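Bear in mind that the values here come from a model prediction, so they are computed numbers and not experimental data. In the text below, chain A, chain B and the rest are named by the order of the sequence lines, each starting its count at 1.
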Number of protein chains: 2
Amino acid sequence: MGLRVDLDLKSLVRTVPDYPKPGIMFRDVTTLLKDASGFKSCVERLAEPFRTAGVDAVIGIEARGFILGGAVADRLGTGFVPFRKKGKLPWSTVGQDYELEYGTDTIEVHEDGIGAGERILIVDDLIATGGTAEAAIKLVERMNGVTVGAAFVIDLPDLGGAKKIQQMGVPCYSLIAFEGH
Amino acid sequence: MGLRVDLDLKSLVRTVPDYPKPGIMFRDVTTLLKDASGFKSCVERLAEPFRTAGVDAVIGIEARGFILGGAVADRLGTGFVPFRKKGKLPWSTVGQDYELEYGTDTIEVHEDGIGAGERILIVDDLIATGGTAEAAIKLVERMNGVTVGAAFVIDLPDLGGAKKIQQMGVPCYSLIAFEGH
């Protein structure tokens, strides 16, 4: 496939210090997505563990999760379902609140976005505390779907999100990890 | 490929009357994206005209443009660059204002998102008046890139956006059209 198998994805991620606030090292995936080989490698490696998992639909979490989620759905030959921030979807929705550092937020999906028994793969660019991913899994459950996995480019293991998702019984994959937060 | 070549993409789009305000027939692509054959057909047909166009990067416009833009970039073997709403990108940006019905809005890209001479394909789900697409093309120009085309799932021809883009010298493709607005 012409893919550089030794491609160092981590070196393609840009770190922006003190964004969005002092002390945070923001992991910026745009430099990785811009690199044709890096992008291709991400999509392939996110899709690979789920090739035989009988996935019915890939869910992407707004907004960066849409970029890789759409491409992974195309690779797996499934449909794509957006999980959006509150008030962005035009039809009847089901919502799930989740906690932020200060306050709460909500993700929403269309009522017909997930059917009973459908097998769902969740894709996002990064997992930190796992609050959004946890809310997404709960939302899939409430719609009687089955989350067969959650796949991320970047894990920040010190923040415990991946462990939380595994403890919910959902296999969690990531391609690279950064210490700290 | 098992693709139904006679697939009626138009019938997979949901129309939501009076959204976001009375009199508007909102064309909701989520039902099309959810359909595995429909999604695959969209990605294939958006990418097809640009297979030999020497595209260096696909641009997706936040947020729905990310879903198809990422998949089209993967099909073409290029990188992906997000054009985001104001204040969403973590690093140094270049912005372009555009007019809305009331007031103005801004799209932004990272300063290193487009290099001089790079050949860019713009992807979004829908073209209406073309204000956002026009701003995206101007932004590519300002960064000394070359927009080789703009591709949309849905065109609302009565609103004139596709014609405006063509008049800028940029080939504009869409898969389906709806009369009215």
inquiry  = Please identify which of these residues, B:V16, B:V29, B:I24, meets the side chain to side chain contact (heavy atoms under 4.5 Å, CB included) condition with A:P90.
reply    = B:V16
Quick one: closest heavy-atom pair of [X] and [Y], and the distance?
X: A:W91; Y: B:D28; result: CB-OD2, 4.4 Å
X: B:G77; Y: A:A36; result: O-CB, 3.5 Å
X: A:A71; Y: B:G70; result: CB-O, 3.8 Å

inquiry  = Could you check whether any side-chain N or O of A:K34 sits under 3.5 Å from a backbone N or O of B:V81, counting only pairs where one atom can act as donor and the other as acceptor?
reply    = no
message = Could you tell me if the side chain of B:R14 sits less than 4.5 Å from the side chain of A:D112, heavy atoms only?
response = yes
key: More than 12 heavy atoms of other groups within 6.0 Å of B:E99 CD   = no
key: B:K86 atom NZ, neighbour heavy-atom count above 12 within 6.0 Å   = no
ask   = Hey, which residues of residues 122-131 of chain B are touching chain A, say heavy atoms under 4.5 Å apart?
value = none
note = Interatomic distance, CZ@B:F26 vs CG@A:L89, rounded to 0.5 Å, equals 9.0 Å
note = Value for NZ (B:K40) from CG (A:D74), rounded to nearest 0.5 Å, stands at 8.0 Å
Between [X] and chain A, which part of the residue has a heavy atom less than 4.5 Å away: side chain, backbone, both or neither?
X: B:D56; answer: neither
X: B:I114; answer: backbone
X: B:Y19; answer: side chain
X: B:F66; answer: both
X: B:L68; answer: neither
X: B:A63; answer: both

inquiry  = Is there a continuous path of hydrophobic side-chain contacts, each under 4.5 Å between heavy atoms, that joins A:L100 to A:L156?
reply    = no
message = Are B:I59 and B:V148 connected into the same hydrophobic cluster when the rule is that any two of I, L, V, M, F, W, Y join if their side-chain heavy atoms are below 4.5 Å apart?
response = no
ask   = Most heavy-atom pairs under 4.5 angstrom with chain B, which of A:R84, A:E62, A:H110?
value = A:H110
inquiry  = Under a 4.5 Å cutoff for heavy-atom pairs, which residue among A:V58, A:I67, A:T30 has the most contacts with chain B?
reply    = A:I67
